[in-house]
**Student:** 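Submitted below is the structure of interest, expressed as structure tokens.
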Amino acid sequence: MNSGLLLMVLPMLIGVTSQPNYIYDEAWVNNFQQGFNFQCPHGELLVAIRSYFSAAEGSDRLWAFECQPAPYNMGEPTECWWDDINRAGMEWSSMCSRNGLVAGVQSQYFSAVLDREWQFYCCRYGRRCPYSCWKTTEVPEYYREEGDMTVPSYGYVIRGAQTTFSGVLRDRQWKYIVCRMTEFDCEFENF
């Protein structure tokens with residue numbers, strides 16, 4: 001074999017064998033240690049969240065999200081906005097203001113604390129109000145595991161989340177706030 005050809009092929013082989021061991025067919029919205037901005041298409045809401053942790057990649061996670069159309073009786077969103085932002089390394093609890101529902105997420109990685117800042121993109125549908133809200137169990141169940149959360153069925157929506165950060169393990173656990181929405185307009189501004 002020509003030594004010049006070997007020198008060209010060898011780096012490619014090393015690159016293929018040294019890839020991180022994570023789920024390849026998942027449609028991740030980010031690379032490790034990089035920011036991202038994910039928004040559902042107009043009229044759709046976030047319904048599933050998946051993440052994969054790697055200590056070797058800056059104690060960071062890859063993230064994937066799925067959307068589906070809002071329940072038909074809710075109509076079109078009347079307004080959308082970026083809600084509260086958290087600070088890296090801190091606990092955070094955020095529920096979309098003005099009865100909003102989560103329709104997107106953006107995040108920025110900070111290597112100084114090996115953590116991310118988070119912000120939800122929220123949309124409001126008429127004057128519909130959430131009810132029967134509850135928090136999921138921790139996602140992931142244990143720090144540094146894969147995380148996977150999907151709303152229980154069509155008609156459930158994500159209003160926000162509460163998250164804790166482990167300064168020792170450099171990872172987060174999430175409890176998502178899941179609700180149903182009224183089928184009628186209501187007068188309350190925020191539940």
Side-chain angles (χ1 to χ4, degrees), residues 23 26-30 36-53 61-87 90-107 116-143 145-166 171-191:
I23 304 164
E26 188 69 51
W28 306 113
V29 299
N30 66 305
F36 65 85
N37 177 320
F38 176 84
Q39 291 181 40
C40 294
H42 181 76
E44 294 191 13
L45 298 168
L46 201 64
V47 295
I49 302 166
R50 186 167 190 187
S51 67
Y52 175 83
F53 179 84
R61 288 182 173 273
L62 297 176
W63 291 88
F65 304 98
E66 291 183 30
C67 305
Q68 73 180 17
Y72 72 93
N73 60 354
M74 289 176 52
E76 293 289 314
T78 53
E79 61 178 320
C80 296
W81 64 93
W82 287 101
D83 220 47
D84 296 341
I85 191 168
N86 83 309
R87 295 293 167 229
M90 305 292 287
E91 291 186 4
W92 182 51
S93 184
S94 179
M95 193 161 51
C96 288
S97 58
R98 301 182 299 226
N99 291 329
L101 308 174
V102 177
V105 181
Q106 69 180 0
S107 179
R116 293 180 164 274
E117 288 186 348
W118 294 92
Q119 191 173 27
F120 289 133
Y121 183 67
C122 303
C123 291
R124 182 177 179 179
Y125 286 77
R127 296 186 54 78
R128 300 298 167 93
C129 294
Y131 70 97
S132 296
C133 297
W134 50 277
K135 290 180 187 173
T136 64
T137 58
E138 282 89 359
V139 179
E141 186 175 0
Y142 300 100
Y143 290 107
E145 288 185 343
E146 276 187 43
D148 197 355
M149 193 288 296
T150 303
V151 297
S153 65
Y154 186 72
Y156 284 88
V157 294
I158 300 172
R159 286 273 333 271
Q162 177 181 337
T163 179
T164 56
F165 178 72
S166 169
D171 193 19
R172 287 188 173 275
Q173 284 181 306
W174 297 78
K175 289 184 179 182
Y176 297 95
I177 301 165
V178 178
C179 303
R180 308 260 318 162
M181 294 297 282
T182 60
E183 294 184 10
F184 53 86
D185 289 348
C186 54
E187 299 300 317
F188 299 102
E189 280 302 307
N190 210 10
F191 282 116

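All values below were derived from every heavy atom in this structure, side-chain atoms included, with hydrogens, water molecules and symmetry-related copies excluded.
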**Student:** Taking all atoms of both residues into account, what is the closest heavy-atom pair of Arg172 and Met90, and its distance?
**Tutor:**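 Shortest heavy-atom contact: NH2-O, 2.7 Å.
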**Student:** May I ask you to establish whether Arg180 and Trp134 are in a cation-pi arrangement, using a distance under 6.0 Å from NZ or CZ to the six-membered ring centre and at most 45° from the ring axis?
**Tutor:**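 Ring-cation test returns no.
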**Student:** Gln106 and side-chain contact (heavy atoms from CB on, under 4.5 Å): which partner among Phe38, Trp82, Phe120, Trp118?
**Tutor:**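 It is Trp82, the one option of Phe38, Trp82, Phe120, Trp118 that forms the side-chain contact (heavy atoms from CB on, under 4.5 Å) with Gln106.
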**Student:** Measuring from Ser51:OG to Asp148:CG, what's the distance to the nearest 0.5 Å?
**Tutor:**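 So the gap between those two atoms works out to 8.5 Å.
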**Student:** When you measure from the centre of the six-membered ring of Phe184, is the NZ or CZ of Arg128 closer than 6.0 Å and no more than 45° off the axis?
**Tutor:**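 Judged by the rule (NZ or CZ under 6.0 Å from the ring centre, within 45° of its axis), Arg128 is not positioned above Phe184.
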**Student:** For Leu45 versus Val157, what's the shortest heavy-atom pair and its separation?
**Tutor:**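 Scanning both residues completely, I find the closest heavy atoms to be CD1-CG1, 3.8 Å.
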**Student:** From the options Arg61, Arg116, Glu117, select the one residue that forms a side chain to side chain donor-acceptor pair (under 3.5 Å) with Ser107.
**Tutor:**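 Of Arg61, Arg116, Glu117, side chain to side chain donor-acceptor pair (under 3.5 Å) with Ser107 is met by Arg116 alone.
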**Student:** For Tyr154, is the OH atom crowded, meaning more than 12 foreign heavy atoms sit under 6.0 Å from it?
**Tutor:**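 Count over threshold, so yes.
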**Student:** Step by step, work out the side-chain contact (heavy atoms from CB on, under 4.5 Å) result for Cys179 and Tyr156.
**Tutor:** CA-CA 6 Å; Cys179 303; Tyr156 284 88; over 6 Å; no
**Student:** Is any side-chain heavy atom of Pro41 less than 4.5 Å from a side-chain heavy atom of Cys67?
**Tutor:**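 Counting from C-beta outward, Pro41 and Cys67 do come under 4.5 Å.
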**Student:** Pro130 and Cys133: which non-hydrogen atoms are nearest, and at how many Å?
**Tutor:**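 Answer, listing the atom of Pro130 first, then Cys133: CB-SG, 3.9 Å.
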**Student:** Identify the two heavy atoms, one from Cys80 and one from Tyr121, that lie closest to each other, and give their separation to 0.1 Å.
**Tutor:**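 Heavy atoms only, the tightest pair is CB-OH, 3.1 Å.
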**Student:** First locate atom CD1 of Ile158, then atom CZ of Phe65, and finally report the distance between them rounded to the nearest 0.5 Å.
**Tutor:**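 CZ of Phe65 is found 9.5 Å from CD1 of Ile158.
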**Student:** Tell me whether Gln173 contacts the main-chain N or O of Val139 through its side chain, where contact means a donor paired with an acceptor under 3.5 Å.
**Tutor:**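 No, the answer is negative, given that no donor and acceptor are paired below the 3.5 Å cut-off.
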**Student:** Answer yes or no: is there a donor N or O on one side and an acceptor on the other, between the side chain of Thr78 and the main chain of Arg124, under 3.5 Å?
**Tutor:**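 It does hold such a pair.
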**Student:** Taking all atoms of both residues into account, what is the closest heavy-atom pair of Ala103 and Glu44, and its distance?
**Tutor:**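 Closest pair (atom of Ala103, atom of Glu44, distance): CB-O, 3.7 Å.
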**Student:** Specify whether Trp63 and Phe36 have parallel, tilted or perpendicular ring planes, treating 30° as the upper limit for parallel and 60° as the lower limit for perpendicular.
**Tutor:**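 Because their plane-to-plane angle lies in the 30° to 60° range, the rings of Trp63 and Phe36 count as tilted.
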**Student:** Taking all non-hydrogen atoms of both residues, which atom of Ala48 and which atom of Thr150 are closest, and how far apart?
**Tutor:**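 Scanning both residues completely, I find the closest heavy atoms to be CB-OG1, 3.7 Å.
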**Student:** Could you tell me whether Glu66 atom CD has more than 12 heavy atoms of other residues or ligands within 6.0 Å of it?
**Tutor:**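 Count not over threshold, so no.
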**Student:** Residues two or more places apart in sequence or in another chain: which of them pass salt bridge (charged side-chain N to carboxylate O under 4.0 Å, His left out) with Glu183?
**Tutor:**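 With sequence neighbours excluded, Glu183 shows a salt bridge (charged side-chain N to carboxylate O under 4.0 Å, His left out) to no residue whatsoever.
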**Student:** Determine yes or no for a side-chain-to-main-chain donor-acceptor pair under 3.5 angstrom, with Gln119 supplying the side chain and Asp83 the backbone.
**Tutor:**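 Looks like yes, one N/O pair under 3.5 Å.
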**Student:** If you round to the nearest 0.5 Å, how far is CG of Asn99 from SG of Cys123?
**Tutor:**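 Between atom SG of Cys123 and atom CG of Asn99 there are 13.5 Å.
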**Student:** Any luck finding a side-chain donor-acceptor pair between Asp171 and Ser166 under 3.5 Å?
**Tutor:**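 No - no donor-acceptor pair under 3.5 Å links their side chains.
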**Student:** Treating Arg159 as the side-chain partner and Cys96 as the backbone partner, does any N or O pair qualify as donor plus acceptor under 3.5 Å?
**Tutor:**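 Answer holds: yes.
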**Student:** Check the pair Trp28, Asn30 against side-chain hydrogen bond (donor to acceptor under 3.5 Å, both in side chains), reporting the backbone distance first and the verdict last.
**Tutor:** CA-CA 6 Å; Trp28 306 113; Asn30 66 305; over 6 Å; no
**Student:** State, yes or no, whether a side-chain contact exists between Val178 and Pro152 at a heavy-atom distance under 4.5 Å.
**Tutor:**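 Heavy-atom side-chain distance check passes, below 4.5 Å.
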**Student:** What's the spacing between Ile177 CD1 and Leu101 CG if we round to 0.5 Å?
**Tutor:**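 Going from CD1 on Ile177 over to CG on Leu101, the span is 12.0 Å.
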**Student:** Can you tell me how far CZ of Phe165 sits from CG of Asn86, rounded to the nearest 0.5 angstrom?
**Tutor:**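 Answer rounded to 0.5 Å: 10.5 Å.
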**Student:** Output the distance between atom OG1 (Thr163) and atom CD (Glu138), rounded to the nearest 0.5 Å.
**Tutor:**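 Answer rounded to 0.5 Å: 10.0 Å.
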**Student:** Using modelled atom types and a 3.5 Å cut-off, is there a donor and acceptor pairing between side-chain atoms of Thr182 and backbone atoms of Cys129?
**Tutor:**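 Flag set: sc Thr182 to bb Cys129 pair under 3.5 Å.
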